[in-house]
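The sequence lines fix the lettering, A, B, ..., with proteins before strands; numbering per chain opens at 1.
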Amino acid sequence: MIWQTSVGKKLLMALTGILMLLFLVGHTLGNLSFYWGADALNAYAEHLRALGPLLWIERLIMAGVLVLHVALGITLFWENSQAKPVRYAKSRYQEAGPASRTMFYTGLVILAFVVYHLLHFTVRVTNPAIYEAASGEGHFGVYRMAEMSFQSPWISLIYLAAMAAVLIHLSHGVGSFFQSVGWNTDWTKAWVNTGSYVLAGILFATLVSIPAAFCLFGM
Amino acid sequence: MEFLLRVWRQAGPDAPGGFEEYRARDVKEDMSILEMLDQVNQDLVKEGRDPIVFESDCREGICGVCGLVIEGVPHGEPKKTTTCELRMRHFREGQTITIEPFRAGALPIIKDLMVDRTALDQLIQSGGYVSSRTGSSPEANTIPVAKQDQEEAMDAAECIGCGACVAACPNASAMLFTGAKVSHLAKLPQGRPEAARRVTAMTGRMQELGFGNCSNHYECQAVCPKDIHVKFISRMNREFIKALFKKKN
């Protein structure tokens with residue numbers, strides 16, 4: 001019944017969403033090693049690679065979670081458009097903000113970015129010149145790769161746009177998680193929404209600070 | 001006061017509809033929007049034209065029968081109001097007022113501004129009740145209920161079933177309506193034993209009847225004439241999770 005009911009689908013949406021959020025928090029904390037310099041970031045990347053089978057288990061879980069979240073998102077979007085076949089000629093939203101109304105679209109932007117990010121950083125097919133330059137030091141230099149990538153205004157812009165989508169998506173998504181798993185009570189309702197904005201803001205600021213640091217200080 | 005009305009007219013469920021304009025003259029500011037429509041209808045009848053069809057019953061905000069989308073908001077912009085309680089003083093003199101029926105696949109239009117809300121009754125029939133025989137009213141306080149629980153149950157029970165939550169929801173979801181009923185009964189000792197069966201049946205039926213899914217827009221709460229809080233949707237979600245782990249009996 002979890003697949004058939006609206007409440008069940010929202011529950012799965014919330015659980016897969018929160019797993020991806022936890023992944024993103026971990027990823028962001030890992031990225032922070034950038035501030036300890038090139039060796040720290042490269043060493044962090046080496047450690048991740050050294051995890052071997054564990055890394056693959058994690059990748060498979062995250063891929064499953066992502067596919068489920070996207071498939072459910074598309075299903076919900078389609079069902080919702082079916083449930084309201086005729087729209088109002090005049091419509092004024094009272095409560096729904098831009099974030100909640102664009103979840104599907106910000107989700108698509110994030111999905112497109114995840115695909116691009118994996119092609120760029122993990123599979124390494126989009127920018128051969130960068131990969132060659134980064135490989136020149138005996139081992140693959142993630143720091144050098146990030147630095148060269150952010151020197152391209154296009155890559156930086158794509159990154160910034162994707163992070164903005166993450167910010168908007170999470171500002172609604174985190175609060176929705178609490179609602180969908182049934183934790184929106186008299187006690188939590190006061191801080192859940194503010195909390196979502198704060199968390200989304202912190203993640204956005206941290207993730208964007210890295211290209212900003214390259215740009216401003218040429219680190 | 002005088003207004004220009006843009007009203008949705010539709011001859012029948014499958015007939016094509018469209019907006020028609022009417023001028024409402026000599027409107028008193030203390031009139032409700034329904035009384036204003038009554039007046040317009042009187043003129044239409046005098047002219048031998050078809051009056052605008054809309055529903056109403058008690059006209060004191062408790063029956064849940066009236067419901068129009070006024071200027072893009074179900075029951076109009078003022079909060080915690082039913083359509084019948086919406087007074088003309090809330091509008092500007094000479095303003096154009098757009099009036100549409102509730103829009104949702106599950107609530108089809110019967111004629112003009114009148115919609116068929118059978119789906120909401122079918123939703124209640126799927127489990128929104130207590131099936132034990134209770135006999136006549138029991139002696140007060142024979143079953144102790146904590147004041148907090150009783151108040152919360154009554155907050156949920158305030159729902160008058162008007163369907164504005166469905167109309168306001170961009171997904172035409174009936175979550176607030178269903179959540180209110182599930183929470184109301186789950187909070188009280190009489191309803192608790194059947195809570196798992198109820199939430200499973202009602203959430204399943206909601207899907208079958210063609211209501212959409214909740215995107216947590218919270219438009220429903222904003223237009224609810226009885227100010228029912230979305231925390232009851234969250235409580236329903238919690239009851240749903242509890243039911244998933246409960247052994248089938």
Would you find a donor on one side and an acceptor on the other, under 3.5 Å apart, between the side chain of [X] and the backbone of [Y]?
X	Y	answer
Gln179(A)	Val230(B)	yes
Glu219(B)	Glu95(A)	yes
Tyr88(A)	Ala167(B)	yes

* Asked: Hey, is Lys90(A) close enough to Glu100(B) for a salt bridge, meaning N to O under 4.0 Å?
  ->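 Looking at Glu100(B) together with Lys90(A), the answer is no, because their closest N to O distance does not fall below 4.0 Å.
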
Please tabulate, for side-chain N and O atoms in residues 156-165 of chain B, each donor-acceptor pair with protein atoms closer than 3.5 Å (sequence neighbours left out).
none

Distance check, rounded to the nearest 0.5 Å: [X] atom [atom1] versus [Y] atom [atom2]?
X	Y	atom1	atom2	answer
Lys10(A)	Ile233(B)	NZ	CD1	10.5 Å
Asp186(A)	His229(B)	CG	NE2	7.5 Å
Asn193(A)	Tyr218(B)	CG	OH	6.5 Å
Lys84(A)	Leu107(B)	NZ	CG	8.5 Å
Met206(B)	Thr5(A)	CE	OG1	7.5 Å
Ile241(B)	Trp183(A)	CD1	CH2	8.0 Å

* Name, in order of residue number, those residues of residues 170-179 of chain B that have a heavy atom at a distance of less than 4.5 Å from a heavy atom in chain A; otherwise write 'none'. =>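 Pro170(B), Asn171(B), Ala172(B), Met175(B), listed by number.
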
* Considering heavy atoms only, which positions within residues 3-19 of chain B lie below 4.5 Å of chain A? ->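 Near chain A, by residue number: Phe19(B).
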
* Answer yes or no: does atom CH2 of Trp191(A) have more than 12 heavy-atom neighbours from other residues, nucleotides or ligands under 6.0 Å? =>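 Yes, because the 6.0 Å sphere around CH2 of Trp191(A) holds more than 12 heavy atoms from other groups.
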
* More than 12 heavy atoms from other groups under 6.0 Å of CD on Glu93(B) ->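 Check passes, neighbour count above 12.
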
In terms of heavy-atom pairs under 4.5 Å, which option from [options] contacts chain A the most?
options	value
Cys220(B), Gly204(B), Ser215(B)	Ser215(B)
Thr98(B), Val73(B), Val223(B)	Val73(B)
Gln207(B), Gln221(B), His217(B), Arg238(B)	His217(B)

* Are side-chain heavy atoms of Asn216(B) and His172(A) found at a separation under 4.5 Å? ->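 The answer is yes, as the side chains (C-beta and beyond) meet within the 4.5 Å cut-off.
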
* For the residue pair Arg103(B) and Arg87(A), establish whether any side-chain heavy-atom pair is separated by less than 4.5 Å. =>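 No. Closest side-chain heavy atoms not under 4.5 Å.
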
* Is a side-chain donor-acceptor pair under 3.5 Å present for Ser234(B) with Asn184(A)? ->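 Looking only at side-chain atoms, Ser234(B) and Asn184(A) do not form any donor-acceptor pair under 3.5 Å.
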
* To do: Heavy-atom distances under 4.5 Å only: say whether Phe77(A) touches chain B with side chain, backbone, both or neither.
  =>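 Neither the backbone nor the side chain of Phe77(A) comes within 4.5 Å of chain B.
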
* Asked: Heavy-atom distance under 4.5 Å to chain B: side chain of Leu11(A), backbone, both or neither?
  ->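 When you check distances to chain B, only side chain atoms of Leu11(A) fall under 4.5 Å.
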
Name every donor-acceptor pair, under 3.5 Å, that has one atom in a side chain of residues 110-117 of chain A and the other anywhere in the protein, sequence neighbours excluded.
none

* To do: Start with the C-alpha distance between Thr185(A) and Lys231(B), add both sets of side-chain angles, then the distance that settles side chain to side chain contact (heavy atoms under 4.5 Å, CB included), and finish with yes or no.
  => CA-CA 6 Å; Thr185(A) 62; Lys231(B) 72 179 179 189; 6.0 Å; no

